[in-house]
Amino acid sequence: MRKDTKIVNAGRHSKWTRGVVNPPVERASTVVFDSVKEMKHATANRGNQVLFYGRRGTSTSFAFQDAMTELEGGAGCALYPSGTAAITNAILAFVSTGDHILMVDSAYEPTRDFCDHVLKRIGVETTYYDPLIGKGIEQLIKPNTKLIFLESPGSITMEVQDVPGIAEVAHQHNCIVMLDNTWGAGVNFQPFDHGVDISVQAATKYIVGHSDVMLGTATATEQYWEQLRENSYLMGQCTSPDDLYLAMRGIRTLGVRLKQHQDSALKVAQWLQQRDEVETVLHPAFSSCPGHEFFKRDFTGSNGLFSFVLNRGNQAAVNALLDGMHHFKMGYSWGGFESLILANHHVGKLRTATSFSYQSPLIRLHIGLEDSDDLIEDLRQGFERLNQTLNNQ
Ligand SMILES: *Cc1c(COP(=O)(O)O)cnc(C)c1O
């Protein structure tokens, strides 16, 4: 099946849909059995998509888990109430006190905070590494390195990683390769074809696609699936069937949405690249983006999220740019149908293994499904406000 056909069909098996098009919302805490035999059967098969107790999921969760494994690959998918919960629980499923992990320096900020606070407290050591390190990661692997965490492209700064290169070295040293694949969205990057063992997504973003549900997923190869699944259960992780229904509805348009996000974002990024105010465009499809060669080699497309660096500007000027926007709203998340903008004045401060090459403010955009000409006009007026403020200072 080709990608778009897969997206339409993912998880819609007749055992879950029972004759209607969409897997219904099945709400449950208690599951009731009529005989000892049925109860025993459910208990024995409780990890294998059999109704057992609400916390183990219902047909709505089973359908969504199937949908995610069909999109991402792997042997199974564990569900969490947010992308952050998926990241932290997937890591905790595999590390113990005394272990060491390698974390990419461009990781999503809460991932980093989890390492610096929770992992530290339980005696798991974190070393941050250069997102562009590739096979050079070998020098950082210690005898107790359990897991290497990647995020590609990186949050805010967008470096694309050599995932297969890192995975090859990791596996030579028996390290688990875990990837935050939120940007790939289960469509533009196939984690398990590139050596990943566990692929995590903030389904909150493009899977849900409408900015109205928090949801996380972690999909694993056969080797790691059972440990991931059972640890998720031990930690009491469960998700609402109503949210899963919305996420599954989101999946149906994932292909067309991503294509439109991609086309509009490329158009806006090309326009930005011509502007005097812009020093560089950090979009994985542009050669100016670090790791662009890995994007070309490993990804099948891009989406609406990218950053750019101004070549001049200070807080007041950037505030003037941001404050008068009509279509771009300020917000931390992304992946919905709406355009978003945020400024980051402290990218470098977050890093410990590398330094960020640019000093001027960085702006991250999520290009939504509005007409791209309206978005460009909005940005053009924003640059006017930026320039006016700078000229008056
Ligand atoms: C948003 C995001 C997360 C966290 O997802 P939540 O559902 O907001 O907890 C994790 N990783 C990346 C790359 C994200 O953009």
Side-chain angles (χ1 to χ4, degrees), residues 64 68 72 77-92 103-118 128 131 149-161 163 178-189 191 196 198-219 232 235 237-240 243-244 246-247 250-251 254 258 261 265 282-284 289 291 295 299 302-307 329-342 344 347 350-351 362 364-368:
F64 181 69
M68 288 306 293
E72 291 241 273
C77 177
L79 307 180
Y80 305 88
S82 70
T84 304
I87 293 165
T88 59
N89 281 278
I91 294 174
L92 284 176
M103 174 57 67
V104 64
D105 210 23
S106 50
Y108 181 62
E109 196 174 344
T111 304
R112 201 178 175 105
D113 291 342
F114 167 75
C115 297
D116 295 346
H117 295 95
V118 180
Y128 292 95
F149 195 101
L150 302 86
E151 185 185 319
S152 180
S155 277
I156 311 282
T157 47
M158 307 303 288
E159 296 91 339
V160 186
Q161 295 195 258
V163 178
M178 196 177 285
L179 169 74
D180 183 332
N181 194 31
T182 303
W183 197 87
V187 173
N188 289 328
F189 183 81
V196 171
I198 296 160
S199 173
V200 182
Q201 268 200 55
T204 308
K205 309 286 165 62
Y206 280 125
I207 297 290
V208 166
H210 295 73
S211 307
D212 48 7
V213 173
M214 303 295 301
L215 191 64
T217 63
T219 311
S232 156
M235 297 298 277
Q237 297 297 317
C238 59
T239 46
S240 146
D243 289 348
L244 297 173
L246 288 173
I251 284 179
L254 183 60
L258 283 176
H261 284 296
L282 300 173
H283 184 307
C289 188
F295 172 79
F299 284 72
S302 57
N303 59 37
L305 190 79
F306 68 95
S307 298
K329 302 293 173 197
M330 280 174 259
Y332 286 111
S333 194
W334 48 274
F337 49 80
E338 77 288 7
S339 287
L340 296 168
I341 188 166
L342 60 79
N344 197 316
V347 185
L350 274 182
R351 299 186 168 234
L362 174 149
R364 189 185 73 177
L365 299 178
H366 177 255
I367 302 301

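First listed ligand is number 1; within each ligand, the first listed atom is number 1.
- Closest protein heavy atom to atom 7 (O) of ligand 1: Thr204 OG1, 2.6 Å.
- For Tyr206 and His366, the ring centers sit closer than 6.0 Å to each other.
- Geometrically, ligand 1 and Thr84 share a nitrogen or oxygen pair separated by less than 3.5 Å.
- In this structure, Ile87 counts as a contact residue of ligand 1, since one of its heavy atoms falls inside 4.0 Å of the ligand.
- Of the listed options Lys205, Met214, Gln201, Lys205 places a heavy atom closest to atom 1 (C) of ligand 1.
- Residues Val163 and Phe189 meet the side-chain proximity criterion, which asks for heavy atoms closer than 4.5 Å.
- The N/O atoms of Ser155, backbone and side chain alike, include none that comes under 3.5 Å of an N/O atom in ligand 1.
- When all heavy atoms of His210 and Gly250 are compared, the pair lying nearest together is CE1-CA, 4.4 Å.
- Looking at Glu151 next to ligand 1, no N or O pair under 3.5 Å apart turns up.
- Of the N or O atoms in Ala85, none lie within a sub-3.5 Å distance of an N or O in ligand 1.
- Of the protein's heavy atoms, Asp180 OD2, 3.4 Å lies nearest to atom 12 (C) of ligand 1.
- Atom numbering of ligand 1 starts at 1 in the shown order; those under 4.0 Å from a heavy atom of Trp334 are 15 (O).
- Cation-pi contact between Arg351 and Tyr128: absent, since separation from the ring centre below 6.0 Å together with deviation from the ring axis within 45° is not met.
- The OG1 atom of Thr111 sits 11.0 Å away from the CE atom of Met178 when rounded to the nearest 0.5 Å.
- Residue, atom and distance of the protein heavy atom nearest to atom 6 (P) of ligand 1 are Gly83 N, 3.4 Å.
- Closest of all the heavy-atom pairs between His261 and Gly304 is CB-N, 3.6 Å.
- The CD1 atom of Ile207 lies 5.0 Å from the CG atom of Leu254; values are rounded to the nearest 0.5 Å.
- Looking only at protein heavy atoms, the nearest one to atom 5 (O) of ligand 1 is Ala202 CB, 3.1 Å.
- A perpendicular orientation is assigned to the rings of Trp183 and Phe299, their planes being inclined by more than 60° (bins at 30° and 60°).
- With respect to atom 4 (C) of ligand 1, the closest heavy atom belonging to the protein is Tyr108 CE2, 3.3 Å.
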